[in-house]
Every structure is written in structure tokens, then in C-alpha cells.
Amino acid sequence: MTHQAKDGALRPLLVKGFRIYQGLLDRDAQRVLLHEVAAIQRKAPPFRPETPGGRRMSVSMTSAGRHGWFSDRHGYRYVSRHPSGVAWPPIPAPLIALWRRLAPDAPLPDSCLVNLYGKGARMGMHQDRDEADFDHPILSISLGDEALFRMGNVTRGGRTESIWLKSGDVVVIGGAARLAYHGVDRIRFASSSLIKGGGRVNLTLRVVGG
Ligand code: SIN
Ligand code: FE2
């Protein structure tokens, strides 16, 4: 279901401990995932969460799996239902297959956060630390427009490195980088033809636990 694009695609680029598999998913695999995302969105429509500080995020989100990521004035957390009250749809099989391939030693993911970036959307530097066990990696899949992904350190601040993530790139955030700060400074809107009308989809698979 996921295809290796070309020789060497399985050798990741290592940037500050982040393992970046450039071009891992070919166009067909990207289209399959985009279809799965559309199906998730029909059952669990995307929404723009409010931060604990009371600001509306620029990225629209929804989730699949047992746990869905949520935020409001009361904080960041995982919840078992979409705000409408429906259960989150199951994590699509091709994503589980990709996880097995890139994180063979970890338990299967129980959460897939779907981040939708429209024109001007960005994501501030943050750690992913709402999961129970930081031994398990997070797998991040990019579809559509290019995004300037910034990677930092396990404490806020310090030197950072950035890379443009393209459609079909997959990043493993694990090991020493598991708790490293990261964010998306900006996207190049309409730089990819994968998504009609432009935009970027980022999928993060996680083991939330509990
Ligand atoms: C995230 O950190 O949750 C999203 C990263 C990305 O959009 O590439
Ligand atoms: Fe993150």
C-alpha cells in the first residue's frame, strides 16, 4: 500500500534526531491516504481548536483512533469523542501498515491526528507530551503543499534547523528527538497539485495509551 519511491528512500535524513524519510510515499500512496482522510473528515468534521490561552489555532484538526487530540480553555488533552459526540473513526489500514514498517518495535498506534493547513496556517513550536509513554515514537506524514518544518531541542529555545517537508515525506519523531520542540513556520500554498485548490494535510500517528 505504501511504496518505496526510489532507491535509498528507506535511508532517512537525520536532523537533530528527527528521522526524515524523503519521498517515502509515491503519488498513488499519497492519493490513497488523501481518500482515507476525506472519509475521516466526513465522519468527524475538522474544527479549529482553541488554545488554553484563548486563541483560535490556524490549523483545522480532526482525529481517527481511540483517542483524538483536543484543546480548549481547559488545556490540551486526548478525548474519546469528536465534539459532535460521535466516536472517532478507526485509523485507516494503510497507516497501520506504514507504522508497522517504520516503528516495528512499538505497539500499534491508537491515535491519528489530522492537521489541515490552509493558506497562512502555521503551527507554533511545541512538544508532543500528552501521551503516556515517550518511548514510543510519533510518525508524521506530509501530504500536499510544502511546509517549512522547524526542529529544536528538548528544552525551549536554542539552535534550530528547518527543512521543507514535501508531499510523501514521513518523519519519525522518536528516541532523543521524541520530546524535542518542533513546529511549522509556514506552508507554500498551492506548491503541490495533490490537493485540489491547495492546502496541506499532516497526519501524526501516536501511541497515546490508557
Ligand atoms: C505536529 O507537530 O503536530 C504537526 C507537524 C506538521 O504539521 O508537520
Ligand atoms: Fe507535534
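For ligands, and for the atoms within them, numbers begin at 1 and follow the listed sequence. Counting from 1, the numbers follow the sequence of the chain as shown.
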Minimum heavy-atom distance between Thr62 and Pro46, given as atom pair plus value:
CB-CA, 4.0 Å
I need the NE2(His182)-the Fe ion (ligand 2)-NE2(His126) angle, rounded to 10 degrees.
90°
Among all protein heavy atoms, pick the one closest to [atom] and tell me residue, atom and distance.
atom                   : answer
atom 3 (O) of ligand 1 : Asn115 OD1, 3.4 Å
atom 7 (O) of ligand 1 : Tyr117 OH, 2.5 Å
atom 4 (C) of ligand 1 : Asn202 OD1, 3.4 Å

Determine whether the side chains of [X] and [Y] contain a donor N or O and an acceptor N or O closer than 3.5 Å.
X      : Y     : result
Arg77  : Ser71 : no
Arg206 : Tyr78 : yes
Ser60  : Arg48 : no

Numbered atoms of ligand 1 (with element) below 4.0 Å of Val184, judged on heavy atoms:
6 (C), 7 (O), 8 (O)
Would you mind listing which atoms of ligand 1 come within a distance below 4.0 Å of any non-hydrogen atom of His182?
2 (O)
Polar side-chain atom of His182 near backbone of Ala180 as donor-acceptor pair, under 3.5 Å
yes
Against the six-membered ring of Trp88, is Arg81 placed for a cation-pi contact (under 6.0 Å from the centre, within 45° of the normal)?
no
Checking one value in my table: which N/O/S atom of Asp128 lies closest to the Fe ion (ligand 2)?
OD2
Output yes when the distance from some N or O of ligand 1 to some N or O of His126 is under 3.5 Å, and no in every other case.
yes
Any ion pair linking Asp28 and Arg31 (charged N to carboxylate O, less than 4.0 Å)?
yes
Tell me the nearest of Met123, Arg206, Arg200 to atom 8 (O) of ligand 1, using heavy-atom distances.
Arg200
